[in-house]
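Following: one structure in structure tokens, then a few remarks.
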Amino acid sequence: MEGLCFLVLWISWVLVLFWGPGCVLSLMLPDIIEPVFIRRCVQEHNAHRSRASSPAANMRLMTWDDSLGRGARPLGRHCKSSHNPVLQRVGQSHSDFRQVGEHIWFGPPFSAFTIESASHTLNKDGVDYTHRNQSCVRVCGHYTQLMWATSYKFGCAVHVCSKGIDNFSSHPESTLLVCDYADPGNVFGFPPYVVGLACSSCGKEKCQDKTCRYDWSPGWDFGPKSSSHRLHHWLTSTGLQMTVGILWLFYFYAAH
């Protein structure tokens, strides 16, 4: 038993030595290619959009974009509380979208993080926003991006910042969620959506769960969209292989 405990400590020490203390914690959070994480992100975004406090006439259904997820990940890894400056530079953040919108959620500890709780926090800022005159009592940017009608593609990434988040927290389990959106929201002088009968301004787009379904994908995205395709990438990911290897070592050492 003492030998097994020593092996656990030795493996943990190796992980911390080569990848830093955030490595072990990061393995416990979902990666951007994990199908469950993607499904929950999509479900949560569309649930809030379909339940808009004031009915939305032109709210589009949101779908996942792998490239936007990859674009969100570096900012999370840098543990910055400020937005990515590249997003508003035309054509630099995505091959198909001229500009990209973004919101950032952060807070410790990582063990309390769920995409549901994070999206609820972003959405509750809506109580401070008045659609009638487009006014906000406090900070509403997270809410308005979440509910921006013409944003229909997005991708998110979550990361544990073991050394804290710049200008926000020094907590060793600070967790940062970054989501990037296209088309970008929060355009000055425009409301997040048109208030009216749900789907009444969908035009030729189909109405689905009180949102307008816009079936468009980037021209370069030729890969299959099934969950089995994402599952294949997840099963071959470095994080999973490392975890399986550690568990195999535990089993081998205990059996001998």
Side-chain angles (χ1 to χ4, degrees), residues 26 29-52 56 59-77 83-84 86-87 93-105 113-123 142-159 175-185 192-193 202 205-237 239-240:
S26 295
L29 289 175
D31 192 22
I32 61 173
I33 61 173
E34 291 187 18
V36 175
F37 175 67
I38 293 172
R39 175 176 54 80
R40 290 170 66 181
C41 284
V42 172
Q43 286 179 343
E44 278 300 299
H45 275 73
N46 286 323
H48 288 299
R49 289 164 74 85
S50 65
R51 295 196 300 260
M59 184 75 73
R60 275 180 166 168
L61 185 77
M62 277 196 161
T63 54
W64 184 268
D65 182 85
D66 290 334
S67 184
L68 289 171
R70 290 193 297 269
R73 184 166 54 187
L75 184 64
R77 288 175 172 173
H83 289 284
N84 189 340
V86 175
L87 298 180
S93 54
H94 197 285
S95 59
D96 282 271
F97 300 109
R98 290 173 58 81
Q99 293 179 324
V100 172
E102 184 177 73
H103 73 219
I104 304 171
W105 174 96
F113 169 81
T114 65
I115 189 63
E116 290 80 7
S117 62
S119 61
H120 174 74
T121 301
L122 298 172
N123 184 61
H142 292 141
Y143 164 76
T144 50
Q145 175 60 88
L146 180 67
M147 305 298 284
W148 200 263
T150 57
S151 296
Y152 59 97
K153 287 286 185 182
F154 80 106
C156 301
V158 59
H159 185 74
T175 306
L176 195 150
L177 172 72
V178 181
C179 292
D180 285 354
Y181 300 87
D183 293 332
Y193 60 84
C202 284
E205 298 171 15
K206 297 179 180 178
C207 183
Q208 179 177 329
D209 297 329
K210 299 182 179 180
T211 58
C212 308
R213 180 165 183 166
Y214 183 46
D215 292 321
W216 178 90
S217 294
W220 49 263
D221 195 0
F222 297 112
K225 299 298 182 184
S226 68
S227 60
S228 60
H229 172 69
R230 298 191 189 280
L231 182 60
H232 168 73
H233 282 282
W234 181 72
L235 289 174
T236 57
S237 66
L240 181 63

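Side chains included, hydrogens not; waters and symmetry mates left out as well; all remaining heavy atoms used.
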(message) Assess the residue pair D96 and D65 against the criterion (side chain to side chain contact (heavy atoms under 4.5 Å, CB included)); give the C-alpha distance rounded to whole Å, side-chain angles, the decisive distance to 0.1 Å, and a yes or no.
(response) CA-CA 11 Å; D96 282 271; D65 182 85; over 6 Å; no
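Annotation: side chain of N123 is in contact with side chain of M147 (closest heavy-atom distance under 4.5 Å). Contact of the L177 side chain with the I115 side chain is registered, since non-hydrogen atoms from C-beta on lie closer than 4.5 Å. At least one side-chain heavy atom of R70 sits under 4.5 Å from a side-chain heavy atom of S67. Contact check for T114 versus R40: side-chain heavy atoms found under the 4.5 Å cut-off.
For the residue pair G185 and S151, the shortest heavy atom distance occurs at N-OG, 4.0 Å. The two residues R49 and L146 have their closest heavy-atom pair at NH1-O, 2.9 Å. Annotation for T144 and P192: closest pair O-CB, 3.8 Å, computed over non-hydrogen atoms. Nearest approach of Q145 to P184, heavy atoms of both residues: OE1-C, 4.1 Å. For the pair V42 and M62, the tightest heavy-atom approach, listed with the atom from each and the gap, is CG1-O, 3.8 Å. Taking both residues in full, the closest heavy atoms of H103 and Y181 are given as CE1-OH, 2.5 Å, listed atom of the first, atom of the second, then distance.
Legend: residues meeting disulfide bond (SG atoms under 2.5 Å apart) with C179, ordered by chain and number and at least two apart, are C156.
Aromatic ring centroids of W105 and F113 lie under 6.0 Å apart. Between W64 and F154, the gap from one ring centroid to the other is short of 6.0 Å.
For the atom pair R60 CZ and D183 CG, the distance stands at 7.5 Å (nearest 0.5 Å). Atom CE of M59 and atom OH of Y152 lie 15.5 Å apart (nearest 0.5 Å). Remark: Q43 CD to H48 NE2 distance equals 11.5 Å, nearest 0.5 Å. How far CG of D66 is from CD1 of I38: 6.0 Å, rounded to the nearest 0.5 Å.
Judged by distance alone, the side chain of H120 and the main-chain N or O of E116 form no donor-acceptor pair under 3.5 Å. Under the 3.5 Å distance criterion, the side-chain polar atoms of D209 are left unmatched by any main-chain donor or acceptor of T211. Within the 3.5 Å criterion, the main-chain N or O of L61 finds no donor-acceptor partner in the side chain of N46.
Defined by atom type and a distance below 3.5 Å, a donor-acceptor pair is missing between the side-chain atoms of H94 and D180.
Cysteines C207 and C212 are not disulfide-linked, with SG atoms at least 2.5 angstrom from each other.
Checked against T63 for a side-chain hydrogen bond (donor to acceptor under 3.5 Å, both in side chains), the options K153, R213, H45 give a single hit: K153.
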